[in-house]
Amino acid sequence: MLFAGRLYGFEKDLHRGDFACRGHTRLGRAGKEDRGARSRHRPATYDLVIRNGRIVDGTGSPWYRADIGIRNGRIAAIGKLCTPQCFAKQTIDAAEKVVAPGFIDMLGQSELTTLVNPHLPSKIYQGITTEITGEGGSVAPLNDALRQGASRTYEHLQIKPDWNTFREYFARLEKQGMGINLASYVGATQVRQFVIGDENRAPTAEELERMKTLVRVAMMDGAVGLSTALEYAPAPYAKTDELIALATEASRWGGIYATHLRNESGAVLTALDEAIRIGKEANIPVEIWHLKVAGKANWGHMPDVVAKIEKARAEGVDLAADTYAYPAWFNSFSAFIPAWAHDGGDAKLVERLKDPAMRARIRKEMETPSEEWDNEWEEIPGPDAILVSVVFNPKLLPLQGKTIAEVARMWGKDPIDTIFDLLIEDDAATDVAVFGMDERDISLALKQPWVSICNDSHGAAPEGLLGKEHPHPRAYGTFPRILRKYVREEKLLSLPEAIRKFTALPAQRMRLADRGVLKAGMWADVVIFDPAKITDRATFAEPNQLSEGMEYVLVNGVPVIAKGKMTNALPGKVLRGPGYDPTPQAANQP
């Protein structure tokens, strides 16, 4: 029983109808039990009690056996709570099962698909209970130009973007309900496009002030920090000083700077230097998303990346990273095209791909090794390493799940011409999986104590609109795959350490003080599973397959999975950053 902030051991004696205390008995002058104390020491009642579980609490400590009592969405007590019986509306017998905090996805991309399917089965069957999203381009702020630019995406997902600000978007989420908790960064690319569009130029002083104002308002609306995705145009057009100015504004409101580095291949160390500089000059914590060294020529350089991060941490830079631990990344196919060719947006890119002279220039740059841009064509062994995953043009749907080498043979074209023509046919909207990483680098990154886990994919479902896509298997399998492959089979990580990377570590990074650890007072985001059975089923050939082994997943104390089945509950919450101002007038800030 939780009483006055401490755990006491009172039991109901069903035969006598009173209470026996397993600890010290409080005595009156006559040596009898103090009746006043007895009346005060009522048995604790809970909404739900998880019994007999092997608690892996998220801190990295070894497991221990205990019950967990949940009340009003929070953990009320941990201990031996069920002797001789539980005073609970519901009990779950977790004997011989692991009970752990819900998993936190450090980069989830579900800001739009949660409006399509708020249950997000691909997430909850992995044990994900909280997602952080907003990679460079964020769901807000929006204006008419940005809506028009993303109209293909909204049409594809059958969404009406009826918000302008994060405050309005979060209100829509809360009205609708969602299966997991969600937080979002404000994207540096988003505010750049809001103010100056897709042009390849620096902002004027007045434009930069407008961009900083948008960051400030987003932070007051509840964004958790500033993000960049510096590989994808128009993001590469932003110079470091511009990013420092925006990150400094986010820092004033307690935010974090998260980044897809400007280069993840031959110039990855230089890109890390930029992120470290931003962290220092903006006085802001830095999170490196999906840490990797891309491209066969760069394989084996992860020790250099780790050493640079360790050095920065030793010098006082609050720098950490995350990974999804697969050998292929997943991104926009248009990233294969040099950044200059994106100037003016996708329509201009398609025009250039149709122009023979421009096409020849782009081909030459793709075939020329360079550290001036993240040249993905030079990072792969060949066209069989590119898997077509998501297309928007219905005529191209038969190509999903095929490699560019296969498409080139079907079309009777050279692989680079195939890339150009596929982008033209799909208005530069195609997504692809790209095989360009080495397992030794992946493993080394994964085991670093400051590396947490990201899914880097939007929430999906095997059926319905979202089931028509051919996503990266990480969308369905990241967290269970790590438990299967790197914990159970390869023993690269211990179970407590893997759970720490899934829970307490990301909660610490995101300043989620009331999540990520199983402890009294925390929100009851909880997973229950058999560590011998948890597994991923999604593959690159057949990605739309739910992971298996999660027996229960609780979000804010409510089961979204019970006995291995989805409950269709929507108990998720919007998690707002430390700069959030709940007062109505905050929504009217310029």
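All residue numbers in this chain count up from 1 along the given sequence.
Checked against the 6.0 Å centroid threshold, Y185 and W289 count as a close aromatic pair. Aromatic ring centres of Y237 and H342: separated by at least 6.0 Å. A distance of 6.0 Å or more separates the ring centres of Y476 and Y125.
Ion pairing between E242 and R192 holds under the 4.0 Å rule for side-chain N and carboxylate O. A salt bridge links D318 to R511: one of the charged nitrogens lies within less than 4.0 Å of a carboxylate oxygen. For K280 and E274, the salt-bridge test fails: no basic side-chain N is under 4.0 Å from an acidic carboxylate O. Between E131 and K123 a salt bridge is recorded (basic side-chain N to carboxylate O distance below 4.0 Å). Electrostatic pairing of R277 and D241 counts as a salt bridge here, judged by a charged N lying under 4.0 Å from a carboxylate O. Ionic pairing of R172 and D162 is present here: one or more N-O contacts between side-chain nitrogen and carboxylate oxygen are shorter than 4.0 angstrom. Using a cut-off of 4.0 Å between Lys/Arg side-chain N and Asp/Glu carboxylate O, D47 and R71 are scored as not salt-bridged. Under a 4.0 Å N-O distance rule, the pair D221/R216 does not qualify as a salt bridge. The residues R210 and E207 are annotated as not salt-bridged, no charged nitrogen and carboxylate oxygen being separated by less than 4.0 angstrom. A salt bridge between E548 and R537 is present, with a side-chain N of the basic residue lying under 4.0 Å from a carboxylate O of the acidic one.
Counted within 6.0 Å of CG on N283, heavy atoms from surrounding residues, nucleotides or ligands total 12 or fewer; the atom is thus considered open.
The closest donor-acceptor contact from the side chain of Q400 to the backbone of K468 lies under 3.5 Å.
Rounding to the nearest 0.5 Å gives a distance of 6.0 Å between CD of Q190 and CG of L142.
Considering all non-hydrogen atoms of both residues, A520 and A76 come closest at CB-O, 3.9 Å.
Figure legend: R152 and F392 shown without cation-pi pairing, the cationic atom not lying both under 6.0 angstrom from the six-membered ring centre and within 45 degrees of its axis. For R474 and F330, the positive end is not near the middle of the six-membered ring at less than 6.0 Å and at most 45° from its axis. A cation-pi geometry, defined here as NZ or CZ lying under 6.0 Å from the six-membered ring centre and within 45° of its normal, holds between R74 and W523.
Aromatic ring orientation, Y154 versus W163: perpendicular (interplanar angle above 60°, classes split at 30° and 60°). Ring geometry, F166 versus Y169: the interplanar angle exceeds 60°, so the pair is classed perpendicular (tilted spans 30 to 60°).
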Go through I50 and I70 one step at a time and tell me if the side-chain contact (heavy atoms from CB on, under 4.5 Å) criterion holds.
CA-CA 8 Å; I50 301 169; I70 296 169; 4.2 Å; yes

